[in-house]
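Here's the structure we're looking at; comments come further down.
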Number of protein chains: 2
Amino acid sequence: MKSTIPDTGVPIAPTAANGGDRQEASLHGEILLRLRDYVVEGNIPDGARVPERQLCAMLGISRTPLREALKVLASEGLIELLPNRGARVRQLSQRDLEELFDVMAGLESLAGRLACEAITDEEIAAIEQLHYEMYGHYLHRDMHGYFQTNQRIHESIVAAARNETLKTAYANFAGRIRRVRYSANFARKRQRWAEAMREHEAILDALRRRAGSELSDILFQHLRNKRAAAIEHLTEPHEDAPASP
Amino acid sequence: MKSTIPDTGVPIAPTAANGGDRQEASLHGEILLRLRDYVVEGNIPDGARVPERQLCAMLGISRTPLREALKVLASEGLIELLPNRGARVRQLSQRDLEELFDVMAGLESLAGRLACEAITDEEIAAIEQLHYEMYGHYLHRDMHGYFQTNQRIHESIVAAARNETLKTAYANFAGRIRRVRYSANFARKRQRWAEAMREHEAILDALRRRAGSELSDILFQHLRNKRAAAIEHLTEPHEDAPASP
DNA sequence: ATGACAAAAAATGAATGCAAAATGGTCTCT
DNA sequence: AGAGACCATTTTGCATTCATTTTTTGTCAT
């Protein structure tokens, strides 16, 4: 009598798209990956209560591995665990977002500095390629394409830093602000968009010259500007039509 | 009898001195704090197997909360969990240490930059005070005092950054390399010691002028030098190692 | 009708139980 | 005697169960 749970659909789908390097072959590891994605994707409203039983039914497992995964997600800062009151999706205050953006700025700044020490001409060429691609999206006002290529550029810089620890930390913080970061780029401010393009050109220039310290400054400032745009976008979240003022 | 852990009666004292702000009132939270300290303090040899039941007996709890704490510690990078083979204290390769030092460098570099934006004259005065105190330890060849004051200075800079997220991340990474970081300062190289003092003066100078970008560079380089000293000290580890008293 | 109190229901925290996998030792076969 | 196979013990992973705490609900009094 092991199967007390109705087999509705496929409880555990193999997360083939994941990094897979980690030793997440066990059930709790699988659950962890799926729950993290589930939360990051925004399937649970901010601050909503999430009964364990419900998640168990959804995932087709018992509470033990689920609770283990919840503890890890809490330590990652994605959710918060109130004693005897269950888990809630962590609600980020404006201050939290500012702090997170600043930490991201520090990490990218570091990534740029380290990248200048070891990046190859081929990697720079690849980033240049992405840059031109992004420029195309910019010209075509393709916000979605721009956003994706932009992320790939930043990830390429992090990858070029050749530091797995940094890469992991970066991915962790990026997950926390994913939704906001996305909407930040969606701010209709064309001026900010053009400014970001110029900043990216400066980034590329410093990268070509392997000017680590300089690139560090530029990247920090770039993220600071993105932070400002994100915060501004959050405080006045009405933008369906091009506002007149 | 495969006891890898010294069996004292009540080995782990209650961590009353911990940053009790956290909502770790529950049992698993308490266990987490105690286990983390226990591991960070180096009570378990590198790479040693740690049977769950033994830890349970030691802590006087059942396996469920212990396993939850282990999962969290693994996500923090302190231990690693091999599927069906239990938890091992994570053994840091030289490359791991290099990466960790670089990430620490990035975080301190960020902290310095942010600190310049908001630090008060009083805070700077306090750091100056610590600096002179440290100079005294340096003159008296008091390695232990020097080490402690040095840490307090760096922590003060991080605190001055006014970013709790950064502070938490910094504490996390600091925990991972605590032992090595300590021994790094124990390197008998007097030359490096004098150099570090000069670097600290430059840090203080940039801080007084609120020169964020400059301070960022100096702090990064300072940590880079510390990293070099630590690695060097590890590759030729023949000094009278600080054994347990 | 509203508020307070109390009991029921549900959810969480921790312990125990059970199956699968790994470890260790012994035995057999060459 | 040595290498490999086999079995017993230990250990891990997960499910289930038990005990508290919280939340809801129903009733009563004002």
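Here is how names work: the chains are called A, B, and so on, in the same order as the sequence lines, proteins then strands, and each is numbered from 1. The structure displayed is predicted, hence computed values, not measured ones.
The nucleotide whose nearest atom lies closest to any side-chain atom of A:S62 is, among C:dT16, C:dG13, D:dT16, D:dT16. Nearest to the side chain of B:I61, among C:dA15, C:dT23, D:dT12, sits C:dA15. Distances from the side chain of B:P65 to the nucleotides D:dT12, C:dA15, C:dG13 place C:dA15 closest. With distances taken from any side-chain atom of A:R49 to the nucleotides C:dA14, C:dT12, D:dC14, the minimum falls on C:dT12. Closest to the side chain of A:L27, out of C:dT23, D:dC14, D:dT22, is D:dC14.
At the phosphate of C:dG13, OP1 or OP2 sits under 4.0 Å from a side-chain N or O atom of A:R67. Regarding contacts with the backbone of D:dT11, every side-chain N or O of B:R63 stays at 4.0 angstrom or more from both OP1 and OP2. Remark: B:T64 is not in phosphate contact with C:dA14, judged by side-chain N or O atoms under 4.0 Å from OP1 or OP2.
We find that A:R113 and A:E108 are not joined by a salt bridge, their nearest charged nitrogen and carboxylate oxygen being 4.0 Å or further apart. Between A:D46 and A:R90, no side-chain nitrogen of the basic residue sits less than 4.0 Å from a carboxylate oxygen of the acidic one, so the salt-bridge criterion is not met. B:E99 and B:R95 are joined by a salt bridge, as a carboxylate oxygen and a charged side-chain nitrogen come within less than 4.0 angstrom of each other. A salt bridge is absent between A:E68 and A:K71: the closest approach of a Lys/Arg side-chain nitrogen to an acidic carboxylate oxygen does not fall below 4.0 angstrom.
In terms of position on DNA chain D, the residue among B:K71 and A:N84 whose nearest nucleotide sits closer to the 5' end is B:K71.
Note: CZ (A:R88) to C1' (C:dT12) measures 13 Å, nearest angstrom. Taking atom CD of residue B:E52 and atom P of nucleotide C:dA22, one finds them 15 Å apart after rounding to whole Å. In this structure, CG of B:L59 is placed 11 Å from P of C:dA15, rounded to the nearest angstrom. Summarising the geometry, the separation between CD on A:E68 and P on C:dA14 is reported as 13 Å, rounded to the nearest angstrom. Protein atom CD1 of A:I31 is 11 Å distant from nucleotide atom C1' of D:dC14, rounded to whole Å. Distance, A:L81 CG to C:dT12 C1': 10 Å, rounded to whole Å. Taking atom NE2 of B:H28 as the reference point, atom C1' of C:dA14 lies 12 Å away to the nearest angstrom. Atom CG of A:L66 is separated from atom P of C:dA11 by 14 Å (rounded to the nearest Å).
Note on the helix from C:dA1-D:dT30 to C:dT30-D:dA1: angle between the axes of the first and last five pairs equals 10°, rounded to 10 degrees.
Here B:E80 contributes atom CD and B:L82 contributes atom CG; the two are 5.5 Å apart, rounded to the nearest 0.5 Å. Rounding to the nearest 0.5 Å places CZ of A:R152 at 5.0 Å from CG of A:L130.
Of the possible polar contacts, none joining the A:T149 side chain to the A:M134 backbone as a donor-acceptor pair under 3.5 Å is found.
Using modelled atom types and a 3.5 Å distance limit, the side chains of B:E155 and B:Y170 yield no donor-acceptor pair.
Heavy atoms of B:R53 sit under 4.0 angstrom from primed sugar atoms or phosphate atoms, though from no base atom.
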